[in-house]
Structures are given as structure tokens and as C-alpha cells.
Amino acid sequence: NYPILANAGIEIDFDFSALKPFEEAPLRVQPKINNQVALVKLFPGISQAFLQCVLTNPEIKIIVIESFGAGNMPTYPWFIKLLEQAINRGKIILNITQCNTGTVTHGLYETSSFMDKIGVVSGKDLTTEAAITKAMFLLGNYPLNEVSKLLSTNLYGEMES
């Protein structure tokens, strides 16, 4: 939902007017990251076995799910049950949209109404790259019990408030 920063072709043409100034604080490299993050892109016909493999992997702490449209997911009983079981085992499920623009809004449609009830975190308008990077940064720098709330909070301008 942010303007195009650059057009890449033979040359890269930057739109410097769209770049936010970093006058508030100097750049600080954050070397502590934790890559125990997985990405699942939903598609019609996704299998229970595939999703179960990802959600039960003991090495994975956060699963970023690229859902449909405004955050819609399948409502098969097995699908909801697998998500709920993973959350109950302490995993974090972060819901982002596959769309180039727009935002995840749990409950906007019936196919996302169950998510808040079982504890799926809305990634709002995070891009895939921002969601994965943010998840790895938070896992490396905060206790797991704080990560869910921070994932849906604008920390550095990476998402709309």
C-alpha cells in the first residue's frame, strides 16, 4: 500500500520523494534474528498432510500464511483444527494477504471469522518480505509471549497503524 520506490530495468530509477527520511535515528543493524519461521502460500486444494507437516514441525515457531483477499482461508474442519492445535502448542500463525495491495481484516467475510477466536494474528498490510523479516527479528530479540502482539503492531513504519 506504499508508492513504488523504484522501477528496475536496465537501470534503476528511484522515486526519492517516496523514500522516508531517517532523520529521527541513525541506521542500527539488528544482527540477532531467529529463522524458525515458515511460509505457507494457500492454494485451492491444499492438502491436510502438507499443512500438518509444516504446523507440527518442532523447529518452526512462526508460520506466515499467505491467505486469499482480505485474509480468507479454507473453512474445512480439519484446516481450522490444525491451526488451532498449532496455536495451542505455542506456535504463532500470522495471516497476510497474497494480494499486492490491501489488508487482512479478520471477520470481514465468513471465511475469516474464526481466526480471532482461535488466535491467528492479523498481519494487516504487511508484505510477505516484511512479515518474514519482522517475524525473524522479533523471535531473535523478544520473548515468544510478546511476539504475537508485536507482529500486529507498527514498529518501524512497516505497516499501517
Side-chain angles (χ1 to χ4, degrees), residues 1-46 50-51 53-55 57 59-74 79 82-83 86-87 91-109 111-116 118-142 144 146-161:
N1 294 332
Y2 198 76
I4 294 173
L5 299 177
N7 285 308
I10 295 173
E11 296 180 9
I12 299 177
D13 297 318
F14 292 96
D15 180 1
F16 290 102
S17 66
L19 296 173
K20 290 185 177 181
F22 293 98
E23 299 165 1
E24 297 143 14
L27 174 66
R28 287 187 356 223
V29 176
Q30 300 291 336
K32 290 171 48 181
I33 61 168
N34 180 327
N35 66 356
Q36 293 179 296
V37 176
L39 174 65
V40 173
K41 185 177 191 90
L42 292 184
F43 55 91
I46 191 168
F50 169 76
L51 192 61
C53 277
V54 176
L55 295 175
N57 184 321
E59 297 298 315
I60 302 299
K61 304 259 187 271
I62 298 177
I63 299 95
V64 177
I65 297 183
E66 283 189 350
S67 59
F68 307 122
N72 304 305
M73 294 189 196
F79 186 92
L82 284 177
L83 294 182
I87 292 166
K91 297 195 184 289
I92 296 170
I93 310 289
L94 178 64
N95 182 13
I96 63 170
T97 181
Q98 292 181 22
C99 299
N100 290 333
T101 60
T103 188
V104 166
T105 308
H106 289 171
L108 184 61
Y109 298 103
T111 53
S112 66
S113 61
F114 67 91
M115 292 185 213
D116 285 336
I118 67 170
V120 173
V121 177
S122 171
K124 301 177 184 175
D125 66 339
L126 283 173
T127 63
T128 301
E129 297 80 8
I132 291 171
T133 303
K134 185 173 188 174
M136 292 190 321
F137 165 75
L138 292 173
L139 275 179
N141 292 279
Y142 293 89
L144 192 59
E146 293 180 30
V147 171
S148 285
K149 182 172 176 27
L150 292 170
L151 280 169
S152 60
T153 303
N154 181 22
L155 300 175
Y156 299 103
E158 74 280 6
M159 67 189 333
E160 291 288 322
S161 306

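In this text, all values refer to a predicted model and were calculated from it rather than measured experimentally.
A donor-acceptor pair under 3.5 Å is absent between the side-chain atoms of Asn95 and the main chain of Ser122, judged by distance alone. Side chain of Glu158 to main chain of Tyr156: a donor-acceptor pair is present (N/O by atom type, distance under 3.5 Å, no hydrogens or angles). A side-chain donor-acceptor contact under 3.5 Å links Ser112 to the backbone of Tyr109. In terms of modelled atom types and a separation under 3.5 Å, the side chain of Thr103 and the main chain of Lys124 share a donor-acceptor contact. For the pair Glu66 (side chain) and Thr128 (backbone), a donor-acceptor distance under 3.5 Å is absent. Distance alone, capped at 3.5 Å, is enough to place a donor-acceptor pair between the Ser67 side chain and the Ile96 backbone.
No hydrogens or angles considered: a donor-acceptor pair under 3.5 Å links the side chains of Asn34 and Gln36.
A heavy-atom distance below 4.5 Å is found between the side chains of Leu139 and Leu144. Two residues are said to be in side-chain contact when any heavy atoms from C-beta on lie closer than 4.5 Å; Leu155 and Leu138 meet this criterion. Lys41 is listed as a side-chain neighbour of Gln98, based on a closest heavy-atom distance under 4.5 Å. Within the 4.5 Å cutoff, side-chain heavy atoms of Val40 are placed close to those of Ile63. Inter-residue side-chain proximity for Ile62 and Leu151 is flagged as met; some heavy-atom pair is nearer than 4.5 Å.
The nearest pair of heavy atoms linking His106 to Val120 is CE1-O, 3.4 Å. Across Gly69 and Cys99, no two heavy atoms sit closer than the pair CA-SG, 3.8 Å. Of all heavy-atom pairs between Leu126 and Ala130, the closest is CD2-CB, 3.9 Å. Closest approach of Ala6 and Phe14 over heavy atoms only: CB-CD2, 3.8 Å.
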**Request:** Please test Val121 against Ile92 for side-chain contact (heavy atoms from CB on, under 4.5 Å), starting from the C-alpha separation and ending with a verdict.
**Result:** CA-CA 7 Å; Val121 177; Ile92 296 170; 4.1 Å; yes
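Here OG1 of Thr127 is found 9.0 Å from CD1 of Ile132. Values are rounded to the nearest 0.5 Å. We find the CD-NZ distance between Glu129 and Lys134 to be 14.5 Å, quoted to the nearest 0.5 Å. Of the inter-residue distances, the one linking Met115 atom CE with Leu83 atom CG reads 8.0 Å to the nearest 0.5 angstrom. Between the CG atom of Leu42 and the CZ atom of Phe68 there is a distance of 5.0 Å, given to the nearest 0.5 Å. For the atom pair CG (Asp116) and CD1 (Ile118), the distance works out to 9.5 Å, reported to the nearest 0.5 Å. Here the straight-line distance linking atom CD1 of Ile65 with atom OG1 of Thr97 works out to 13.0 Å at 0.5 Å rounding.
A 6.0 Å sphere centred on CD of Glu11 holds no more than 12 heavy atoms belonging to other residues, nucleotides or ligands.
Lys149 meets the salt bridge (Lys or Arg N to Asp or Glu O under 4.0 Å) test with no other residue; sequence neighbours excluded. By the side chain to side chain contact (heavy atoms under 4.5 Å, CB included) test, Glu146 is found to be paired with Tyr142, Pro143, Leu150, residues two or more places apart in sequence or in another chain being considered.
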